[in-house]
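Structure first, then comments.
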Amino acid sequence: MSAGAPRNQIRSPIGRVRGFGPAHSGTHHFWHVRVTSVALLILTIVFVVIVISLLGRNQPAVVRVLGSPAIAVLMLLFVGGGIYHMWIGMQEILIDYVHSDRIKLLMLIGNTFFCMVIGVLCVFSILKLSFGI
Amino acid sequence: MFDPTTAPRLKARPLSPHLGIYRLTMTMAMSVMHRITGVALYYGTILMAWWLVAAASGPNAYATIESFMSSIFGRLILLGYTWALIHHALGGLRHLIWDLGYGLDDGERDMLATATLVGSIVLTIVLWVVGYLMMGGAR
């Protein structure tokens, strides 16, 4: 056992340091970024095709397309996967470059708030386009 | 208890040199671009949210975002967003290839990094040409 640890300590060394990384959580975020990136490769192509097909169309036409069940579900998947992916990505950047604990905490909270607000705005809008008022 | 005044002097440990000491390589440049485009796309979601909210709000709100996107400034933002999206997607694909253990040999690394840049520019141009043709066809 390393120096400084009390003798009556039952927890293993790894158990005591777990969660002490800069984000206070483990490597599952690394994996989640990879999983969402695979999904987003496909969903980004879908999103680009949807946007190009809607260029220059008027609002009723856009509502008809975005509100149709298949397109709405694909858009919800794109928004959900994208927002989760970028929430982790921004967190990774913040813990890399922001070293002051207080500022880092504020920025991590800001990251979460931004992603939640953007995500809810997008999801609510897509649902409204599908189901009407 | 560790006491630095009485403890024997530890040998100087080798330190990892910081970023600035290395010659800029293509893989390094594209790694930096991947982060920058990621941050750009992060704030670019504001545009997507605006677009969806406007579509859900009604014809007037949609006309507002449409006129903004039709301006030179709006077009430039959209062009940048398109390029950032394609570059980040291709960069992600490259990282997935590397994660699987392929394309890491000499030459292959730089080839993949260069392909990210060239591919993103070419695809952006192709998408915009298709986009303008679609708009021409719609009117």
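All values reported here derive from a predicted model rather than from experimental measurement. Residue numbers start from 1 in every chain, and the chains themselves are labelled A, B, ... in the order their sequence lines are given, proteins ahead of strands.
Using a 4.5 Å cut-off between heavy atoms, A:Phe124 does not touch chain B at all. Neither the backbone nor the side chain of A:Val33 comes within less than 4.5 Å of any heavy atom of chain B. Of the two parts of B:Trp50, neither the backbone nor the side chain holds a non-hydrogen atom closer than 4.5 Å to a non-hydrogen atom of chain A. In this structure, chain B has a heavy atom under 4.5 Å from the side chain of A:Leu66, while its backbone stays farther away. A:Asn111 touches chain B through backbone and side chain together, each having a heavy atom under 4.5 Å away. For chain B, no part of A:Leu40 is nearby; none of its heavy atoms comes within less than 4.5 Å.
The interface of residues 29-46 of chain B with chain A, defined by heavy-atom distances below 4.5 Å, comprises B:Arg35, B:Val39, B:Tyr42, B:Tyr43, B:Thr45, B:Ile46. Residues of residues 84-108 of chain B that come closer than 4.5 Å to chain A, counting heavy atoms only, are B:Leu85, B:His88, B:Ala89, B:Leu93, B:Leu96, B:Asp99, ordered by residue number.
With hydrophobic clusters built from ILVMFWY side chains whose heavy atoms lie under 4.5 angstrom apart, B:Val53 does not share a cluster with B:Tyr81. Cluster annotation: A:Leu77 and A:Val65 are assigned to the same hydrophobic cluster (Ile/Leu/Val/Met/Phe/Trp/Tyr, side-chain heavy-atom contacts under 4.5 Å, transitive). Placement of A:Phe47 and B:Leu78 within a single hydrophobic cluster is found when ILVMFWY residues are connected by side-chain heavy-atom separations under 4.5 Å, directly or transitively. Note on A:Phe131: it clusters hydrophobically with A:Val123, by side-chain heavy-atom contacts below 4.5 Å among ILVMFWY residues. Hydrophobic clustering, with ILVMFWY side chains joined whenever heavy atoms are under 4.5 angstrom apart, keeps A:Ile93 apart from A:Trp31.
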**Asked** Would A:Ile126 and B:Leu52 satisfy side chain to side chain contact (heavy atoms under 4.5 Å, CB included), going step by step from the backbone distance to the final call?
**Response** CA-CA 7 Å; A:Ile126 297 167; B:Leu52 291 171; 4.0 Å; yes
**Request:** Could you please spell out the steps behind the side chain to side chain contact (heavy atoms under 4.5 Å, CB included) verdict for A:Val63 and B:Tyr62?
**Result:** CA-CA 10 Å; A:Val63 173; B:Tyr62 198 77; over 6 Å; no
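To the nearest 0.5 Å, atoms CD1 (A:Ile52) and CE (B:Met135) are separated by 11.5 Å. Here the straight-line distance linking atom NZ of A:Lys128 with atom OG of B:Ser57 works out to 6.0 Å at 0.5 Å rounding. The distance from atom CE of B:Met134 to atom CZ of A:Arg57, rounded to the nearest 0.5 Å, is 7.5 Å. A:Leu55 contributes atom CG, which lies 11.0 Å from atom CE of B:Met69 (distance to the nearest 0.5 angstrom).
In terms of non-hydrogen atom pairs under 4.5 Å with chain B, the most contact-rich of A:Val62, A:Val48, A:Thr44 is A:Val62.
Side-chain contact between A:Val79 and B:Met48 is present, with at least one heavy-atom pair separated by less than 4.5 Å.
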